[in-house]
Amino acid sequence: LHARMTVAVDDDTVYAADTTGRLSSLTLEDGKRLWETDFEQPILGGVGLDDDQLYVSLQEGSLVALAADSGEELWRAMLPSESVSPAAADDRRVYVQTVDGRVTALNRNDGSQLWTYEAGLPVLSVRGTGAPTVLDQMVVVGFATGKVVALDANLGVPRWDVRLGVPDGRSELERLVDVV
């Protein structure tokens, strides 16, 4: 299983996941375990965190929201595909990018889908995506097409897109332009 796991840190607590499916809350000072949850299936992209909720993506293609203070599962939502990067959130929505070239916004309170933006995929891409970045009322995302897109956080429509990489070369491998 190939995964780039990330940890999340909030004040004096570290939240870390492993690829076997365990999510742990640890004290920053001495590493003492506060709680642990085992999903019994691989976690793919590490831990996303906002004020009081954690987000982990599972190999089955779901995103799980948990209470940061207890590890209690709050909701679980099916995604269009699996996600290998942490989710990002604002006070109303959770944003997750999946390996099929989509960004999905979910309701932060119940996980219901609000919108999906699809960028499409080239013939060959790297298995990996960057985490969405939430800025004011925009969500900025890089895609395997070589573009960076700023999406309206409420509507999921592009405010702007810029091509950073232009596919060039004789083979599909030479034409890789993934923005991660």
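Throughout, residue positions are numbered sequentially from 1 according to the sequence presented.
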Colleague: Could you list the donor-acceptor pairs under 3.5 angstrom formed between side-chain atoms of residues 38-45 and any protein atom two or more places apart in sequence or on another chain?
Modeller:
| unit_1 | atom_1 | unit_2 | atom_2 | d |
| --- | --- | --- | --- | --- |
| Asp38 | OD1 | Glu40 | N | 2.9 |
| Gln41 | OE1 | Glu60 | N | 3.1 |
| Gln41 | NE2 | Glu60 | OE1 | 3.2 |

Colleague: What heavy-atom pair brings Leu66 and Gly71 nearest, and what distance separates the two atoms?
Modeller: CD2-O, 3.0 Å
Colleague: Could I get the full list of side chain to side chain contact (heavy atoms under 4.5 Å, CB included) partners for Asp51, not counting sequence neighbours?
Modeller: none
Colleague: Using 0.5 Å steps for rounding, measure from the NZ atom of Lys32 to the OG1 atom of Thr13.
Modeller: 11.5 Å
Colleague: Which value, rounded to the nearest 0.5 Å, describes the distance between Arg22 atom CZ and Thr37 atom OG1?
Modeller: 11.5 Å
Colleague: Can you see which heavy atom on Ala150 is nearest to which on Met138, and at what distance?
Modeller: CB-SD, 3.8 Å
Colleague: Please check: side-chain N/O of Gln59 versus main-chain N/O of Gly21, any donor-acceptor pairing under 3.5 Å?
Modeller: no
Colleague: Which pair of non-hydrogen atoms, one from Pro132 and one from Pro86, has the smallest distance, and what is that distance?
Modeller: CD-O, 3.7 Å
Colleague: According to a 4.5 Å side-chain heavy-atom criterion applied to Ile, Leu, Val, Met, Phe, Trp and Tyr, with indirect links allowed, do Val64 and Met78 form part of one hydrophobic cluster?
Modeller: no
Colleague: Closer than 3.5 angstrom, by distance alone: can the side chain of Trp115 be matched with the main-chain N or O of Ala153 as a donor-acceptor pair?
Modeller: yes
Colleague: Using a 4.5 Å cut-off between side-chain heavy atoms of Ile, Leu, Val, Met, Phe, Trp and Tyr, which other residues end up in the same hydrophobic cluster as Val157?
Modeller: Leu155
Colleague: Quick one: side chain to side chain contact (heavy atoms under 4.5 Å, CB included) partners of Asp110, sequence neighbours excluded?
Modeller: Asn107, Ser112
Colleague: Measure the spacing between CD of Glu73 and CG of Leu23 and express it to the nearest 0.5 Å.
Modeller: 11.0 Å
Colleague: Closer than 4.0 angstrom, basic N to acidic O: yes or no for Arg93 and Asp50?
Modeller: no
Colleague: Closest approach of Ser85 and Gln97, non-hydrogen atoms and distance?
Modeller: OG-O, 4.1 Å
Colleague: Could I get the full list of side-chain hydrogen bond (donor to acceptor under 3.5 Å, both in side chains) partners for Thr27, not counting sequence neighbours?
Modeller: Asp30
Colleague: Is the closest side-chain donor-acceptor distance between Ser24 and Arg33 under 3.5 Å?
Modeller: yes
Colleague: Going by the rule ring-ring contact (aromatic ring centres under 6.0 Å, His included), which residues pair with Tyr117 if we only count those two or more places apart in sequence or in a different chain?
Modeller: Phe143
Colleague: In Å and rounded to the nearest 0.5 Å, what is the CG to CZ distance from Asp90 to Arg108?
Modeller: 9.0 Å
Colleague: My understanding is that only residues two or more places apart in sequence, or in another chain, count here; which of them pass side-chain hydrogen bond (donor to acceptor under 3.5 Å, both in side chains) with Glu118?
Modeller: none
Colleague: Give every residue pair that meets the side chain to side chain donor-acceptor pair (under 3.5 Å) criterion with at least one member in residues 63-72, sequence neighbours excluded.
Modeller: none
Colleague: Would you say the side-chain atoms of Trp35 pair up with the backbone N or O of Ala68, donor to acceptor, closer than 3.5 Å?
Modeller: yes
Colleague: Linking Ile, Leu, Val, Met, Phe, Trp and Tyr through side-chain heavy atoms less than 4.5 Å apart, which residues share a cluster with Leu74?
Modeller: Tyr55, Leu63, Trp75, Leu79, Val94, Val96, Leu106
Colleague: I need the minimum non-hydrogen distance between Thr98 and Ser81, along with the two atoms involved.
Modeller: CG2-O, 3.2 Å
Colleague: Taking salt bridge (Lys or Arg N to Asp or Glu O under 4.0 Å) as the cut-off, I'd like each qualifying pair that reaches into residues 132-146, sequence neighbours left out, listed once.
Modeller: none
Colleague: Quick check for you: to the nearest 0.5 Å, what is the distance between Glu29 atom CD and Asp12 atom CG?
Modeller: 8.5 Å
Colleague: List in chain and number order the residues that pass salt bridge (charged side-chain N to carboxylate O under 4.0 Å, His left out) with Asp152, two or more places apart in sequence or in another chain; answer none if no residue qualifies.
Modeller: Arg159
Colleague: Decide whether Val14 and Val47 are clustered together by the hydrophobic rule: side chain heavy atoms of Ile, Leu, Val, Met, Phe, Trp, Tyr closer than 4.5 Å, transitively.
Modeller: no
Colleague: So, does Ser57 use its side chain to make a donor-acceptor pair with the main chain of Ser83 at under 3.5 Å?
Modeller: yes
Colleague: How long is the straight-line distance from OG of Ser62 back to CZ of Arg76, given to the nearest 0.5 Å?
Modeller: 5.0 Å
Colleague: Name all residues meeting the side chain to side chain contact (heavy atoms under 4.5 Å, CB included) criterion together with Ala16; count only those two or more places apart in sequence or in a different chain, and write none if there are none.
Modeller: Val7
